[in-house]
Amino acid sequence: MNISFPETTEYHDLKNTMNEIKNLKIQGATNVAIFGVRAFAKHATTVPLKDKELQAHLETVVDELSSLRVTEPALRNGLRYILTGIRLDGKDNAEMHGEKYINLINEAKHKIFRIGAERIRDGSVMFTHCHSSITVGIFLEAAKQGKEFEVINTETRPLFQGRKTAKTLLENNIKVIHIVDSAMRWAMNRFNPHMILLGADAITVEGVALNKIGSRLCALASEEEHIPLYICTSLLKYDQATSIGRLSEIEMRDPFEIWGEDAPVGIKVLNPAFETIDRGNISAYITEAGLIPPQSIHITFEQLYGKKIKDYHHW
Ligand code: RUB
């Protein structure tokens with residue numbers, strides 16, 4: 001159904017946010033969820049459509065937003081949360097429902113910062129990969145508590161999100177050792193970090209985490225070097241579709257990010273954004289519900305959010 005309506009400022013803002021999510025100006029699962037949910041909720045509140053047309057239009061926008069970064073269930077969970085809210089008490093309350101979901105994210109984040117910081121020992125060496133706002137938040141909280149430690153971090157090709165991590169840590173007087181991604185195992189062997197902290201984009205029903213490409217290599221190296229690895233994430237990244245049999249999708253990004261116009265003709269460049277981390281390599285998840293083993297992800301999500309967030313109604 002092709003539905004037309006006068007373009008509002010909020011719709012224009014939503015389109016901008018979608019571009020920023022696609023080109024990684026808005027980066028990391030938590031930020032993608034917060035910005036995507038907020039822009040969608042504002043648009044839903046103001047779009048001049050009603051009844052069936054409204055429903056069809058919002059479903060289309062939800063699909064469009066969800067397909068920008070397919071490995072981001074925290075965004076999808078938030079969009080479904082708003083649609084459920086609209087069905088219950090009308091589109092005028094969409095923005096309020098969006099803010100409620102963002103509050104859930106923010107409350108979860110702050111709990112994880114405190115719980116994660118407890119695990120960091122004074123004088124320790126930590127290791128991380130890519131840029132995760134949750135993992136960085138844990139480091140900042142530990143530094144605020146007066147702990148001194150050093151963080152080894154990878155640059156994270158092709159888009160160098162690791163530089164963002166390095167800059168933020170340095171600005172907060174945390175020491176950084178910055179390495180190329182392929183030096184992961186070497187750095188673990190050389191510096192013997194006490195712990196590896198990684199973020200997550202998605203968590204499956206089996207307790208498998210999906211995170212930036214390179215994370216599984218990091219986990220395999222951690223096994224060889226006997227270094228405990230923790231996944232720092234809100235349970236709002238639980239991919240509910242995996243519990244009815246679907247597989248979490250891995251986003252493939254533009255090959256141009258790796259090799260642009262000067263790439264030789266005929267070459268095939270592949271740019272997977274994420275990969276899985278086997279649950280056997282995860283010591284624990286650091287979540288808003290505390291430290292939990294991979295096996296308890298599904299049940300803990302159900303206890304905490306099961307009634308509030310149901311992504312099942314349209315299946
Ligand atoms: C970022 C990435 C992060 C997770 C978690 O990938 O893999 O580790 O998204 O982030 P990209 P957060 O740069 O491709 O978005 O802890 O902020 O939710």
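All ligand and atom numbering here is 1-based and tracks the order in the structure. Counting begins at 1 with the first residue of the sequence. For the numbers below, each heavy atom of this structure counts, side chains included, while hydrogens, waters and symmetry mates do not.
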With respect to [X], determine whether any N or O atom, backbone or side chain, lies less than 3.5 Å from an N or O atom of ligand 1.
X	result
Asp201	yes
Leu24	no
Arg69	yes
Gly28	yes

| said: So which atom in Thr204 and which in Glu206 form the shortest heavy-atom distance, rounded to 0.1 Å? | reply: OG1-OE1, 2.7 Å

Taking non-hydrogen atoms only, is [X] closer than 4.0 angstrom to ligand 1 via side chain, backbone, both or neither?
X	result
His131	backbone
Gln161	side chain
Cys130	side chain
Ala273	neither

Ionic contact status for [Y] with [X], cut-off 4.0 Å:
X	Y	answer
Glu224	Arg185	yes
Lys109	Glu288	no
Arg69	Glu251	yes
Arg157	Glu155	yes
Arg190	Glu225	no
Asp239	Arg246	no

What is the closest protein heavy atom to [atom], and at what distance does it sit?
atom	value
atom 5 (C) of ligand 1	Ala200 O, 3.3 Å
atom 17 (O) of ligand 1	Ser133 OG, 2.6 Å
atom 1 (C) of ligand 1	Gln27 NE2, 3.6 Å
atom 18 (O) of ligand 1	Thr30 OG1, 2.5 Å
atom 16 (O) of ligand 1	Ser132 OG, 2.7 Å
atom 6 (O) of ligand 1	Lys212 CE, 3.3 Å

| task | Have a look at Ile138, Asn211, Ile112 and point out the one with the heavy atom closest to atom 8 (O) of ligand 1. | result | Asn211

| In ligand 1, which numbered atoms sit nearer than 4.0 Å to a non-hydrogen atom of Phe274? | 6 (O), 7 (O), 14 (O)

| With a cut-off of 4.0 Å, which atoms of ligand 1 are near a heavy atom of Lys237? | 5 (C), 12 (P), 16 (O), 18 (O)

| request: Compute both the distance and the angle, then confirm whether Lys175 meets the cation-pi test with Phe149: under 6.0 Å from the six-membered ring centre, within 45 degrees of the axis. | output: no

| ligand 1 contact by Glu251, heavy-atom criterion under 4.0 angstrom | no

| query | Is there a side-chain contact between Val151 and Phe127 (heavy atoms, below 4.5 Å)? | reply | no

| Do Glu59 and Gln55 get their side chains close enough for a donor-acceptor pair, meaning under 3.5 Å? | no

| query | Side-chain donor-acceptor pair under 3.5 Å between His57 and His43, yes or no? | reply | yes

